[in-house]
J.: 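Have a look at this one before I ask anything.
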Amino acid sequence: MVRTRIAPSPTGEDLHIGNLYTALFNWAFARKHKGHFIVRVEDTDQKRLIQGSEQRIMQTLKDFGLDYDEGIDKDGPFSPYRQSERLDLYKKYAEQLVEQGHAYYCFCTPDRLEKVRKHMMEEKKMSMYDRHCRNLKSHDQPAASDGKLTPHTIRMKIPDDRKISFQDEVRGEISVESNTLDDQVILKSDGYPTYHLAVVVDDHLMEISHVIRGEEWISSTPKHILLHEFFGWEKPTYIHMPLLRNSDRSKLSKRKNPVWASWYLQQGFLPDAVLNFLALMGWSHPKEEEIFSLEEFVEVIDLSRINTVGPIFDMRKLEWMNGEYIRQSPISNLQSQILKYFGDQYPKDIVEKTTPLIQERIKTLKEYDEYCRFFIEKPNKYEINLSEYREILKTLYDGLEKIGDNDWKADNIGENMQVVAKDLNISFSKFFMYVRVAITGKKVTPPLNESMEVLGKKESLQRLQASMV
RNA sequence: GGCCCCGUCGUCUAGCGGUUAGGACGCCACCCUUUCAAGGUGGAGAUCACGGGUUCGAAUCCCGUCGGGGUCACCA
C-alpha cells in the first residue's frame with residue numbers, strides 16, 4: 001500500500017508554502033494509489049517551538065482541503081503522530097545502535113565542538129566532528145558523583161571508505177563517499193532525537209512507502225540510508241521535489257516572498273487555484289493543460305513528470321490563475337466565498353446582487369472591495385471643475401427622475417441616459433465617465449447601469465445631486 | 001571551500017536523435033466596448049549556458065568549462 005506523509009515542524013508561524021507544495025504531491029500521489037496520506041508533527045526542537053504553530057499549520061492544511069488519513073488529531077494504527085510523544089521509541093532505537101556498535105555516546109560540550117569547528121575552518125578542512133568520543137572505553141566515560149553519566153548525545157558511526165548511494169525516483173542514482181559524512185548526532189542530550197533518527201524510525205514504523213520531500217534533504221539522505229541499513233530495515237522510495245525559488249533563484253524565503261500558506265488565503269486567493277498553481281511548479285500536465293481540478297491532478301499525476309529545476313514563484317501567474325478560478329466559479333459559490341471573506345462587512349443582498357457584476361473583473365476576492373466599496377459607502381467627491389459637468393448631471397437628474405420606481409432597471413436607466421447624452425450632443429465615453437464618477441467616486445467600476453439599479457433610484461439621484469454642488 | 005543537485009523565450013514549461021523549437025503567464029498592437037475587465041486576432045521574445053566529441057543528423061547521448069542552487073548544527 002502506498003503511504004506518504006508530510007512532516008511539518010511547529011517552528012514557524014504557519015504552514016510554509018513549500019510544505020504545502022510537497023504536501024500537495026504527497027497527498028495526490030497517495031490518493032491516486034488509494035493509499036494513505038499522513039501528517040506527522042516533528043516537534044523535536046524544543047528551543048524553536050512556537051506557541052500555537054501546530055494548530056495553525058493543521059488549520060491551514062484543512063483550509064486548503066488536503067485531507068489526511070492519519071495524524072495528530074486523526075488516530076491511526078501507528079499513533080501517536082507527534083514525535084514529542086514518541087521519545088522512548090527513539091531512545092530505544094538509539095541505544096540499540098550503540099549496542100550494535102553503529103553509534104556511540106558523545107560527551108563533548110558545545111564549547112569544545114565550537115573550538116574544533118573553528119580549528120578545522122582555519123585549516124580549511126571541512127567542519128566535521130573530530131570523532132573524539134568515538135572510541136571511549138566505558139571506564140573513560142565521564143560520570144557525576146552519583147555514578148550517572150554526565151550529559152551526552154548519541155552519534156552515529158559513519159563507516160570509512162564506503163560509497164553510499166540511493167535511487168531517487170526522478171533524479172536517478174545519487175551517491176556520495178561516506179568519508180564526506182559527519183558522525184551525526186542522532187539523540188540530543190535533552191533526550192530528543194534529531195531529525196535524522198526520528199525520520200528514519202518513524203517512516204519505518206509508520207510503513208511509509210514513498211518519501212516525497214524537498215531537494216534540501218538530498219545531502220542528508222545518505223545518512224538516512226545508513227540508518228536504515230544499520231537497523232536492517234527496508235528503504236522507502238525517495239523523491240526529492242525541486243525547491244521553490246525567489247526571483248533571484250535562492251530558496252524561497254520570508255525576506256523576499258510571502259511564505260506562509262495562510263497569507264495567500266488572506267489575500268483572497270482560492271485554495272484550489274493556489275494548489276493548481278503549485279501543481280504546475282516543477283511538474284507539467286501530460287496534455288500540457290494549465291487549469292485542472294484536484295481530482296484531475298490525482299488522476300494524471302505521474303512522478304516521472306516531476307522536474308529537477310527549482311521554479312521561481314511567479315505571483316503574476318498565480319493571480320491570473322486565481323482570476324480563472326473566480327470566473328469559472330458558479331455564481332452562488334463565489335457569492336458565499338466573498339461573504340465569508342469579508343465577514344459581516346457587506347450585507348448579503350449587496351454581495352448577491354453585485355457578484356455577477358464583478359466576477360470577470362477581479363483576480364482575488366480581496367479586489368471585490370475595490371470595486372464594490374461604493375455600494376455600501378458614500379463615495380468621496382470626485383473634483384471636476386467644469387461647468388459643463390454640473391449642467392450635464394442636472395439634465396441627467398431630471399431625466400432619471402421621471403423613471404418610475406418600478407422601472408428602475410439597468411436597461412431603462414441605460415436607455416434613458418443614452419437619450420440624455422444624445423440630446424446634449426456629448427460623446428458617450430465622456431458622458432458616462434462623468435456619471436460614473438458622480439455615482440461611484442471612481443473611474444474604474446462595475447458596469448454603471450447595473451450598479452445604479454443595485455443602488456436604487458433614491459440613492460443614485462442623491463449621489464448625482466451631491467456631485468452638483 | 002568540500003560534497004551533492006541543476007542549466008530550453010523575462011517567468012512556468014513541452015520536447016525524450018530528424019519540429020519553421022510548441023504552449024501558458026507577462027508585455028505590445030488591433031478588434032469588441034459606456035470605465036475597467038473578460039473575450040477575440042496578431043506580434044515581439046530562446047544562436048536550447050558555453051566548448052568539445054559521438055552520429056548522415058543533437059535541445060535531446062558522452063566529456064569538460066562556466067553559471068546557479070542546496071547542504072555541511074545537540075534546526076528541521
Side-chain angles (χ1 to χ4, degrees), chain A residues 7-12 42-48 106 108-110 113-114 117 121 124-129 151-155 168 171 174-177 179-182 184-196 198-199 213-222 240 242-243 245 247-251 277 280-291 305 307-321 323-324 327 358-363 367 370-371 414 417-418 421 427-433 435-437 440 442-449:
Chain A
S9 286
T11 52
E42 312 219 321
D43 55 346
T44 56
D45 186 346
Q46 292 298 292
K47 295 182 209 89
R48 295 199 311 155
C106 174
C108 294
T109 61
L113 293 175
E114 187 56 34
R117 207 167 289 136
M121 293 291 252
K124 281 190 175 178
K125 278 194 198 164
M126 258 185 303
S127 89
M128 286 211 302
Y129 177 57
H152 58 278
T153 63
I154 293 181
R155 286 180 186 271
D168 182 290
R171 292 162 205 265
I174 295 175
S175 68
V176 66
E177 288 299 323
N179 297 349
T180 65
L181 265 29
D182 206 354
Q184 188 60 239
V185 169
I186 55 175
L187 200 75
K188 301 183 248 184
S189 58
D190 64 0
Y192 280 75
T194 59
Y195 173 84
H196 309 287
V199 77
R213 66 201 338 178
E215 185 184 353
E216 59 203 334
W217 294 110
I218 290 180
S219 51
S220 47
T221 304
H240 289 96
L243 252 25
R245 313 291 185 98
S247 54
D248 64 1
R249 296 220 165 267
S250 56
K251 180 161 92 166
F277 173 73
L280 253 15
M281 297 270 90
W283 183 84
S284 59
H285 186 108
K287 288 181 187 156
E288 275 208 83
E289 277 165 31
E290 303 260 341
I291 308 284
R305 293 189 72 82
N307 260 139
T308 46
V309 197
I312 290 172
F313 194 95
D314 181 8
M315 199 73 79
R316 297 259 193 161
K317 187 152 185 178
L318 208 209
E319 279 170 4
W320 163 76
M321 185 162 283
E324 288 285 312
R327 272 171 257 133
I358 49 75
Q359 179 166 27
E360 59 187 30
R361 283 162 228 274
I362 60 175
K363 293 203 287 288
E367 284 182 77
E370 290 165 32
Y371 275 101
M417 291 201 286
Q418 291 200 6
S427 77
F428 279 1
S429 61
K430 192 174 182 184
F431 173 80
F432 284 107
M433 188 50 82
V435 183
R436 182 180 313 283
V437 150
T440 70
K442 302 180 76 170
K443 282 187 163 179
V444 175
T445 71
L448 233 204
N449 305 348

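Computed from a predicted structure; not experimentally measured. Per chain, numbering begins at 1; letters A, B, ... match sequence-line order.
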J.: For RNA chain B, whose closest nucleotide is more 5', that of A/His196 or that of A/Glu215?
T.: A/Glu215

J.: Expressed in angstrom and rounded to an integer, what is the separation of A/Met128 atom CE from B/C4 atom P?
T.: 14 Å

J.: Compute the ring centroids of A/Trp320 and A/Phe277, then answer whether they are less than 6.0 Å apart.
T.: no

J.: Is A/Thr44 near enough to B/A76 that one of its side-chain N or O atoms lies under 4.0 angstrom from OP1 or OP2?
T.: yes

J.: In whole angstroms, how far is the C1' atom of B/U71 from the NE2 atom of A/His240?
T.: 12 Å

J.: Under a plain distance cut-off of 3.5 Å, with no hydrogens placed, do A/Thr221 and A/Arg213 share a side-chain donor-acceptor pair?
T.: yes

J.: Can you tell me the distance, in whole Å, between the OH atom of A/Tyr192 and the C1' atom of B/A73?
T.: 19 Å

J.: Return a single string for nucleotides 30-38 of chain B, one symbol per nucleotide in 5' to 3' order, where B is base contact, S is sugar-phosphate-only contact and - is none, cutoff 4.0 angstrom on heavy atoms.
T.: ----BBBBS

J.: When rounded to the nearest Å, what value does the distance between C1' atoms of B/C48 and B/A58 take?
T.: 11 Å

J.: Taking atom C1' in both B/G51 and B/U13, what distance in whole Å separates the two?
T.: 27 Å

J.: Round to a whole Å and report the spacing from CZ of A/Arg316 to P of B/C25.
T.: 13 Å

J.: What distance, rounded to whole Å, do you find between the two C1' atoms, one in B/U33 and one in B/C16?
T.: 47 Å

J.: With C1' as the reference atom in both, quote the distance from B/C36 to B/G23 in angstrom, rounded to an integer.
T.: 28 Å

J.: Looking only at side-chain N and O atoms, does A/Tyr192 offer a donor or acceptor that is under 3.5 Å from a partner on A/Gln46?
T.: yes

J.: Do A/Arg171 and A/Thr308 have side-chain atoms, one donor and one acceptor, less than 3.5 Å apart?
T.: no

J.: Tell which nucleotide pairs with B/C3, taking only Watson-Crick or G-U wobble pairs whose two distances are both under 3.5 angstrom.
T.: B/G70

J.: Considering only NZ, NE, NH1 and NH2 on the basic side and carboxylate oxygens on the acidic side, decide whether A/Glu290 and A/Lys317 come within less than 4.0 Å.
T.: yes

J.: Does A/Lys287 put a side-chain nitrogen or oxygen below 4.0 Å from OP1 or OP2 of B/A14?
T.: no

J.: Any donor-acceptor pair under 3.5 Å linking the side chain of A/Asp45 with the backbone of A/Lys47?
T.: yes

J.: Does a nitrogen or oxygen in the side chain of A/Arg48 sit under 4.0 Å from OP1 or OP2 of B/A76?
T.: no

J.: For atom C1', what is the distance between B/U8 and B/G70, given to the nearest Å?
T.: 22 Å

J.: Counting only Watson-Crick pairs (N1-N3 plus N6-O4 or O6-N4) and G-U wobbles (N1-O2, O6-N3), all under 3.5 Å, who is the partner of B/C30?
T.: B/G40

J.: Of all the heavy-atom pairs spanning A/Tyr129 and A/Cys106, show the shortest one and how long it is.
T.: OH-SG, 3.2 Å

J.: Round to a whole Å and report the spacing from CG of A/Leu243 to P of B/U71.
T.: 7 Å

J.: Identify whether any heavy atom of A/Ser250 sits under 4.0 Å from a base atom; if not, whether one sits that close to sugar-phosphate; answer base, sugar-phosphate or nothing.
T.: sugar-phosphate

J.: Using Watson-Crick or G-U wobble geometry with both distances below 3.5 Å, tell me the partner of B/U47, or none.
T.: none

J.: Mind checking what makes salt bridge (Lys or Arg N to Asp or Glu O under 4.0 Å) contact with A/Arg316, not counting sequence neighbours?
T.: none

J.: Could you check which of B/G69, B/A73, B/G26 has an atom nearest any side-chain atom of A/Asp182?
T.: B/A73

J.: Return the pairing partner of B/U19 with a 3.5 Å limit on both distances, Watson-Crick or G-U wobble; otherwise return none.
T.: none

J.: Can you tell me the base-pairing partner of B/A24? Count Watson-Crick or G-U wobble geometry only, both distances below 3.5 Å, and say none if there is no partner.
T.: B/U11

J.: So for atom NZ, which belongs to A/Lys188, do other residues, nucleotides or ligands contribute more than 12 heavy atoms lying within a distance under 6.0 Å?
T.: yes

J.: If the P atom of B/C32 is compared with that of B/U41, how far apart are they to the nearest Å?
T.: 15 Å

J.: B/U71 P sits how many Å from A/Ile218 CD1, rounded?
T.: 11 Å

J.: Can you check the A/Arg117 CZ to B/G2 C1' distance for me, whole Å?
T.: 16 Å

J.: How is A/Lys47 classified with respect to the nucleic acid when contacts are heavy atoms under 4.0 Å: base, sugar-phosphate, or nothing?
T.: sugar-phosphate

J.: Using a 4.0 Å heavy-atom cut-off to protein, can you give one letter per nucleotide of nucleotides 7-13 of chain B, 5' to 3': B if the base is in contact, S if only the sugar-phosphate is, - if neither?
T.: S---SBS

J.: Examine distances only and state if a side-chain atom of A/Lys363 and a backbone atom of A/Glu324 form a donor-acceptor pair shorter than 3.5 Å.
T.: no

J.: Whether A/Arg245 engages the ring of A/Phe313 as a cation-pi pair (distance to the six-membered ring centre under 6.0 angstrom, angle to the ring normal within 45°) should be assessed.
T.: no

J.: For B/A59, which nucleotide is its Watson-Crick or G-U wobble mate, given both distances must be under 3.5 Å?
T.: none

J.: Starting at CG of A/Asp168 and ending at C1' of B/C5, how long is that distance when rounded to a whole Å?
T.: 10 Å

J.: If the P atom of B/C50 is compared with that of B/U55, how far apart are they to the nearest Å?
T.: 23 Å

J.: On a whole-Å scale, what distance lies between the C1' atoms belonging to B/U11 and B/G68?
T.: 16 Å

